[in-house]
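Just below is one structure, and these are the notes that go with it.
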Amino acid sequence: MEESHVVKLYGFWPSPYVYRVIWALKLKGIEYEYIEETLSSKSPSLLEYNPVHKNVPVLVHGAKPVAESMLILEYIEETWPDHRNPLLPSDPYERATARFWIDFGQQKGLTFFAFFRSSEEDKEKTARQVLETLKIIEDQALGDKKFFGGNRIGLVDMSFGWLAHWFGIMQETVGVEVLEPANLPRLHRWAMDFKQEPGIKENLPDSKALLAHFKRQRERFASTKEK
């Protein structure tokens, strides 16, 4: 393969942001080299390709680096368009709506982070805040559709894809269940369908390893609060 066509992805195995990019590359059938980073000791290449945020994911296409997961997904869609299975709709209004929900999810990230970091005293309160956010996503974004864009996975599904795997492990770590059939039947069904899709099912981090990672992170947050 010519150097100008070589695709590399710098990632870190527990990161749902990295997996968004992996899913898109797999669904598009794009060959790539995956480079695992150790965030406590970042490689010179990562620091060169992402000198601003110094974080993953970073996609390098030829010698051109692209950082930030959702920007990478749009780059992939525009660079390797698949008109039979587009990740964004062609209609301008539907495309704007998709970007609205992607942005909504990103803005609500702090709500989920607060839930993950919550103390025993606060976790029920933060769980209610998360439930309110998820109900908006279920009612206003998903509705009665199988996926957010209809019958096939698109960028909105990938942006919320962490809910299908990571959030369940987050709930187990915190000890509170929110995304359950009784609370959010359609969103729960979407999560199950999403994880069964080819390209997604084979590309999810090991649940036990991820749970151990989350527990270490939560313990680290707790020890920081105590100081």
Side-chain angles (χ1 to χ4, degrees), residues 9-24 34-43 45-47 49-50 52-59 67-73 102-134 137 157-180 183-184 187-188 191-192 194-195 200-227:
L9 174 62
Y10 289 79
F12 178 51
W13 73 268
S15 170
Y17 307 111
V18 171
Y19 274 88
R20 288 174 178 171
V21 180
I22 291 175
W23 297 331
Y34 177 77
I35 300 157
E36 177 73 9
E37 286 287 334
T38 302
L39 298 187
S40 60
S41 179
K42 298 170 185 177
S43 71
S45 294
L46 176 63
L47 298 177
Y49 287 130
N50 191 2
V52 177
H53 295 302
K54 302 178 176 65
N55 212 339
V56 295
V58 176
L59 184 82
E68 300 299 305
S69 63
M70 295 313 304
L71 297 180
I72 294 172
L73 293 190
I102 290 169
D103 182 66
F104 177 85
Q106 291 177 313
Q107 288 184 26
K108 293 298 181 178
L110 290 177
T111 301
F112 293 96
F113 189 58
F115 170 68
F116 180 60
R117 293 191 62 170
S118 61
S119 64
E120 287 298 311
E121 295 77 16
D122 293 337
K123 66 183 184 181
E124 295 294 341
K125 175 184 176 182
T126 57
R128 288 194 296 271
Q129 293 170 342
V130 166
L131 180 59
E132 289 175 6
T133 297
L134 292 178
I137 293 170
D157 298 279
M158 292 182 188
S159 72
F160 288 124
W162 74 275
L163 290 170
H165 188 66
W166 284 258
F167 188 61
I169 296 169
M170 183 186 293
Q171 292 176 124
E172 185 174 351
T173 306
V174 176
V176 179
E177 296 183 351
V178 182
L179 183 48
E180 297 300 313
N183 294 335
L184 300 152
L187 194 60
H188 185 269
M192 298 300 102
F194 181 81
K195 288 198 294 184
I200 308 298
K201 185 177 180 179
E202 299 83 9
N203 295 285
L204 293 169
D206 179 78
S207 296
K208 290 182 179 178
L210 193 58
L211 177 61
H213 173 76
F214 273 27
K215 285 182 176 179
R216 289 193 298 270
Q217 291 292 102
R218 186 164 161 79
E219 288 169 2
R220 188 174 297 121
F221 291 140
S223 64
T224 301
K225 284 183 178 180
E226 291 172 359
K227 291 180 180 178

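Note that this is a predicted model, so its numbers are computed, not measured. What you see below is based on every heavy atom in this structure, not just the backbone, and it leaves out hydrogens, waters and symmetry mates.
In this structure, the side chain of Thr38 does not engage the main chain of Ser41 through any donor-acceptor pair within 3.5 Å. Between the side chain of Trp162 and the main chain of Tyr17, no donor-acceptor pair closer than 3.5 Å is present.
The CG atom of Leu134 lies 6.0 Å from the CG atom of Leu163; values are rounded to the nearest 0.5 Å. Here Asp103 contributes atom CG and Lys108 contributes atom NZ; the two are 11.0 Å apart, rounded to the nearest 0.5 Å. One distance of note links CH2 of Trp13 with CD of Glu36; it measures 9.0 Å at 0.5 Å rounding. Separating the CE atom in Met70 from the CZ atom in Arg20 is a distance of 5.5 Å, to the nearest 0.5 Å. Rounded to the nearest 0.5 Å, atoms OH (Tyr19) and CG (Leu204) are 7.5 Å apart. Between atom OG1 of residue Thr133 and atom CZ of residue Phe104 there is a gap of 5.5 Å, rounded to the nearest 0.5 Å.
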Open item on the list: One pair to check against side-chain contact (heavy atoms from CB on, under 4.5 Å): Glu124 and Ser118. What are the steps and the verdict?
Closed with: CA-CA 9 Å; Glu124 295 294 341; Ser118 61; over 6 Å; no
Task: Derivation of the ring-ring contact (aromatic ring centres under 6.0 Å, His included) call for Phe160 and Phe167 - done: CA-CA 10 Å; Phe160 288 124; Phe167 188 61; over 10 Å; no
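Of all heavy-atom pairs spanning Val18 and Gly11, the tightest one is CG2-CA, 3.7 Å. Here the closest non-hydrogen pair linking Leu210 and Pro205 is CD2-CG, 4.0 Å. Closest approach of Leu46 to Asn55, counting heavy atoms only: CD1-O, 3.6 Å. In this structure, Ala164 and Ala191 approach most closely via the heavy-atom pair CB-O, 3.7 Å. Among all heavy-atom pairs drawn from Phe214 and Phe116, the shortest one is O-CZ, 3.4 Å. Of all the heavy atoms in Asp206 and Lys208, the pair that sits closest is OD2-N, 3.2 Å.
Looking at heavy atoms from C-beta onward, Val56 lies out of side-chain contact with Asn50 at the 4.5 angstrom threshold. Here the side chains of Phe115 and Met170 are in contact, with some heavy-atom distance below 4.5 Å. No side-chain heavy atom of Thr126 sits less than 4.5 Å from a side-chain heavy atom of Val174. Using a 4.5 Å heavy-atom cutoff, the side chains of Ile35 and Ser45 are not in contact.
Exactly one residue among Val130, Val176, Val178 makes a side chain to side chain contact (heavy atoms under 4.5 Å, CB included) with Gln171. That residue is Val178.
A distance of 6.0 Å or more separates the ring centres of Phe112 and Trp166.
Around atom CD of Glu177, no more than 12 heavy atoms belonging to other residues, nucleotides or ligands sit under 6.0 Å away. Within a 6.0 Å radius of CZ in Phe12, more than 12 heavy atoms belonging to other residues, nucleotides or ligands are found. Residue Leu47 places its CG atom among more than 12 non-hydrogen atoms of other residues, nucleotides or ligands, all under 6.0 Å distant. More than 12 non-hydrogen atoms from other residues, nucleotides or ligands lie less than 6.0 angstrom from NZ of Lys195.
With no hydrogens or angles considered, no side-chain donor-acceptor pair links Thr173 and Arg218 at under 3.5 Å.
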